[in-house]
Amino acid sequence: MEGIDENKIESEFKSISFDVKFHDVQGKNYRCAISKLHKEIVPEKCKVLVKPKRAIITLVKASKGNWLDLHFKEDKLKPNLDKEKDPMAGIMDMMKNMYDEGDDEMKKTIAKAWTDARSGKTADPLGSYR
């Protein structure tokens, strides 16, 4: 983005989100915002730096560690440990999530395993060791 005027930048950093607006950049407005970050940041230390051909948004993490993504993501593979719920329901929910979010090969593998298990065709996984 060329032509950014530092005086026409509006930025708001919060502990779990940020919103940066670039007004009148060659006649257009731009915005970079994430409403729910992966983890907390230190708003006082975050900043926007303007270079001749780009803007750099620097976020400072509140705690050490790697972030795999800027956006917050629920851990869909973690089973729900509700005491009143059937224990197998958590495993079934996890399998359903894997099936829904998997590629075609993953769906085939899960469907085959499910069909084999229901028809009693499952192989003995330790058979080669006996």
Side-chain angles (χ1 to χ4, degrees):
M1 288 180 14
E2 290 185 50
I4 301 171
D5 183 353
E6 271 188 74
N7 298 322
K8 294 184 180 180
I9 296 175
E10 185 181 337
S11 62
E12 180 180 19
F13 297 98
K14 294 183 179 176
S15 64
I16 203 77
S17 67
F18 74 90
D19 189 359
V20 180
K21 298 173 186 170
F22 302 92
H23 299 285
D24 193 29
V25 179
Q26 297 180 358
K28 294 183 180 181
N29 295 325
Y30 295 91
R31 183 178 192 184
C32 180
I34 296 180
S35 59
K36 195 166 184 184
L37 290 165
H38 182 71
K39 291 188 180 176
E40 287 191 27
I41 58 173
V42 182
E44 306 81 44
K45 293 184 179 181
C46 298
K47 62 184 176 184
V48 179
L49 180 64
V50 176
K51 296 284 187 173
K53 294 188 179 193
R54 66 178 174 255
I56 300 170
I57 300 171
T58 304
L59 304 175
V60 178
K61 296 185 275 187
S63 59
K64 291 183 180 183
N66 292 330
W67 292 14
L68 299 177
D69 198 343
L70 277 177
H71 295 272
F72 174 79
K73 296 217 173 35
E74 292 235 9
D75 190 0
K76 292 183 179 181
L77 296 178
K78 189 175 183 180
N80 185 1
L81 300 176
D82 189 356
K83 300 271 184 208
E84 296 174 16
K85 216 174 175 185
D86 176 23
M88 287 303 289
I91 294 171
M92 293 308 294
D93 288 344
M94 184 176 71
M95 292 298 289
K96 183 180 181 318
N97 283 336
M98 287 173 59
Y99 184 84
D100 289 343
E101 294 178 10
D103 59 3
D104 289 340
E105 192 63 33
M106 174 66 76
K107 289 179 182 183
K108 274 187 205 175
T109 303
I110 292 172
K112 183 179 182 328
W114 180 261
T115 305
D116 289 351
R118 292 195 71 173
S119 65
K121 292 182 185 175
T122 55
D124 182 4
L126 300 176
S128 63
Y129 294 106
R130 291 185 185 153

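By convention here, the first residue in the shown sequence is residue 1.
Applying the salt bridge (charged side-chain N to carboxylate O under 4.0 Å, His left out) test to Lys8 and every residue at least two apart in sequence or in another chain returns Asp24. For Glu12, the salt bridge (charged side-chain N to carboxylate O under 4.0 Å, His left out) partners are Lys14, not counting sequence neighbours.
Taking each heavy atom of Val25 and Glu2 in turn, the nearest pair found is CG1-O, 3.4 Å. The nearest pair of heavy atoms linking Pro43 to Ser15 is CG-N, 3.6 Å. Heavy-atom minimum distance, Ser35 versus Ser17: O-CB, 3.3 Å. The shortest non-hydrogen separation linking Met106 to Asp103 is N-OD1, 2.9 Å.
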Does the pair Asn29 and Lys21 meet the rule for a side chain to side chain contact (heavy atoms under 4.5 Å, CB included), with working shown?
CA-CA 7 Å; Asn29 295 325; Lys21 298 173 186 170; over 6 Å; no
Can you check side chain to side chain contact (heavy atoms under 4.5 Å, CB included) on Lys61 and Lys39, steps first, answer last?
CA-CA 8 Å; Lys61 296 185 275 187; Lys39 291 188 180 176; over 6 Å; no
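Atom CD of residue Gln26 and atom CD1 of residue Ile4 lie 9.5 Å apart, to the nearest 0.5 angstrom.
Surrounding CG of Leu49 are more than 12 heavy atoms belonging to other residues, nucleotides or ligands, all under 6.0 Å away. By the neighbour-count criterion of 12 heavy atoms within 6.0 Å, atom CG of Asp104 is sparsely surrounded, having that number or fewer from other residues, nucleotides or ligands. Around the NZ atom of Lys45, the shell of radius 6.0 Å holds no more than 12 heavy atoms that belong to other residues, nucleotides or ligands.
A ring-ring contact (aromatic ring centres under 6.0 Å, His included) check over residues 15-52, counting only residues at least two apart or in different chains, returns the pairs His38-Trp67.
Phe72 and Ile57 fall into different hydrophobic clusters, defined by Ile, Leu, Val, Met, Phe, Trp and Tyr side-chain heavy atoms under 4.5 Å apart, directly or through other members. Put simply, Ile16 and Leu70 are part of two different groups of oily side chains (I, L, V, M, F, W, Y) that touch within less than 4.5 Å, one to the next.
Among Val60, Thr58, Leu59, the single residue meeting the side chain to side chain contact (heavy atoms under 4.5 Å, CB included) criterion with Lys47 is Thr58.
Side chain of Glu6 to backbone of Val50: no donor-acceptor contact under 3.5 angstrom is found.
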